[in-house]
Amino acid sequence: MIRFLLRRLLLTVPVLLGLTVLVFIIGRMLPGDPVALAAGPNASAAEIADVAREFGLDRPLLTQYGSYLSGLLRGDFGVSIFTRRPVAEDLAAFLPATLELVFAAMFIAVAVGLPMGLATAVWRDRWPDAVSRVAALGAISMPRFFLGLLLQLGFAMWLGWLPLSGRFPITEDPPPWVTGFLTIDSLMAGDLYAFGVACQHLLLPALAMSLSPLATIMRMMRASTLEVLQQDYVLTERALGLSRSLILFKYVSRNAVAATLTVIGLYFGWLLGGTVLVETVFDWPGIGLYATKSVVSQDFMPVIGVTLVIGTIFVVSNLLVDVAQGLVNPRVRVE
Amino acid sequence: MTALLEIQGLHLGMQSFDGEAHVLNGIDLTINRGEIWGVVGETGCGKSLTGLSVSRLVPTPPARYRAGRILFEGQDVLSMPESELRKLRGRRIGMIFQDPTTNLNPSFRIGDQLVDVALAAARHSERTTRVAARDLAARMLDKVGIPNAASRLDDYPHQFSGGMRQRVLIAMALIGQPSLLIADEPTTALDVSVQAQVLALLKGMVAETGMAVMLITHNLGVVAQSCTHVAVMYAGNIVESGRVAQVIRRPAHPYTQALLAAIPTRHVARGALQGLAGSVPDLLAPPPGCRFAPRCAHASAACATLPATVAVEGGHRVACVLAHA
Ligand SMILES: Nc1ncnc2c1ncn2[C@@H]1O[C@H](COP(=O)(O)OP(=O)(O)OP(=O)(O)O)[C@@H](O)[C@H]1O
Ligand code: SF4
Ligand SMILES: [Mg+2]
């Protein structure tokens, strides 16, 4: 298991390195002149050249890449030419909000999708199954930002049950920063009121993001449950008198979940990359919103930084899926 | 005293896109305590469905019970509610299937699986704790000849060889102390060298517990060695049955005679049978009378109606017009 992990970890290094090259080149090939934009609308050619020199942008591309890479090793993601703040600091400030959103969405998707998958498999071809099939198709094909808008319209504007956007009201004091996850920080501070407020803000964007993975996880879980139910060992378990619920919830579900895990892991990365639009719709202060603003102002250091972070988390989450596979499936562990 | 198991006129249909196949066509079989019945016949003749029916494990649909009764200790299994059935399964009736690699759940330690079966079997009698059930599981593993039984409870199925897995499955089938064991080709999937060991183990366990056995097999040699009685099946019928000595020494049905003639290899091949022309009839449209008629050298006009089963001598029963004289 340890060797397997190390090997997989080593494999991620060239992947991430390739990613930096790609992002760096694409970032520089984008149309427009970010330096001129940063120097201001009335800047003279000399002033623009000054800005370029200040950020080292007058050097050859290869040199720039080299110094960026050596900076990365020290945890330095460069500096935004627009705000002149270190990108690493911005990422540290915005990443927890995004992760909190993705985790919440994933939690909803898994907590609802797995049991519903199991249930629709058991009630195969009866009405709950048929209804869920149609609903799943709708959920998978609906764009997340559109769903977000619908949720805002329904729950925030018409019903007024939940806040329209944002992460925490500016009029109130957020809990002291520990993890950057407002829900966890408020609980750690023992502030149940702040926890409630944080959850209220979290609910709609998380729902908007969760629906598509929920539907996919449910369908995958249904398919793998049906497959497991056909296995010989299920017949043996029935033949030896195990109760229906024990067979289903203990023996069948573990095998079916194992088959569904890969999808869950893949969706994690997919959600992370897809936060941009949802964060924009909900004005959620995460790295997606940060990336959007940076792209608009052609500020490429933050864009590169965000891409790298998302890429890294994507790779790591896939690694974690493999580890989890090993935990639920003993056969993977020995190989 | 009622028989342990009494199958009376069991008819089973199997729905498919082409219509309903008459897969079991009036099975009559009585098994008493202590008897070891071999059930033999070509592939597809309905051996497994007969065995599964005893615990009502055949999926309905596609299957449909058209007629007949299955009395286990006098109670009709086919009309029992599911909750009653569960009290039979594992506790009164144990089952072992063919392929030990697919019949153990790969994701759970074997101790877990054994304990759950033991607890399910005990739930209806005395209350048992998990700890006590684990003790019992270790003792059972030891009994079926698994070295270091107690420490192997925490192993997963893939850590056992095929023969060892079948031993685990035997332990699982017997942990509830059933009075009937249904073993569906328990050695077919094993290496030849291991087959004899597993069979010897089964015989030993049967001798020790005195339970009755329904041993489904392709191998008449196994029947001759291990069974007290034998039922020969052909295309959904039991064509001949009785004590092993009676049936094997004086086979009365042409099909049994053909089976025995094919024995020199000691191993009746699955599918086609040597020395017997033709193939098993299409069960969607079986021949109207004796289903063996198309392949039978003695077939006559009298065989166009289904021959009744008659006793030729104490307990030796044959379904063939030749025996009617
Ligand atoms: N689930 C099922 N659906 C449709 N047909 C089935 C099903 N199970 C069994 N059958 C059919 O019923 C007939 C009898 O099957 P059964 O499994 O009892 O045969 P068998 O004597 O055990 O054969 P084998 O020696 O190959 O195990 C076969 O023709 C088979 O095709
Ligand atoms: S009843 Fe007729 S066809 Fe059938 S086995 Fe006997 S002789 Fe052959
Ligand atoms: Mg069979």
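What you see is a predicted model; the values in this text were computed from it and never measured. In what follows, chains are A, B, ... by sequence order, proteins preceding strands, each numbered from 1.
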message: Whether Asp135(B) and Arg130(B) form a salt bridge (side-chain N of Lys/Arg under 4.0 Å from carboxylate O of Asp/Glu) is what I want to check.
response: no
query: Just wondering, more than 12 heavy atoms not from Lys143(B) lying within 6.0 Å of its NZ?
result: no
task: Please look at Leu104(B) and chain A and tell me whether the side chain, the backbone, both or neither of the residue comes under 4.5 angstrom of a heavy atom of that chain.
output: backbone
task: Check whether any side-chain N or O of Ser151(B) sits under 3.5 Å from a backbone N or O of Asn148(B) as a donor-acceptor pair, and report yes or no.
output: yes
message: Looking at chain A, which one of Val117(B), Thr102(B), Leu169(B) has the largest number of heavy-atom pairs inside 4.5 Å, strictly under?
response: Thr102(B)
task: Can you tell which part of Ile93(B) gets under 4.5 Å to a heavy atom of chain A, answering side chain, backbone, both or neither?
output: backbone
query: Taking the six-membered ring of Phe108(B), is NZ or CZ of Arg254(A) closer than 6.0 Å to its centre and within 45° of its axis?
result: yes
task: Flag the one option from Ile182(B), Leu85(B), Asp112(B), Ile175(B) with the top tally of heavy-atom pairs under 4.5 Å to chain A.
output: Asp112(B)
- prompt: Quick one: does Gln231(A)'s side chain have a donor or acceptor within less than 3.5 Å of a partner on Glu227(A)'s backbone?
  reply: yes
message: Quick check on Ile96(B) against chain A: is it the side chain, the backbone, both or neither that has a heavy atom closer than 4.5 Å?
response: neither
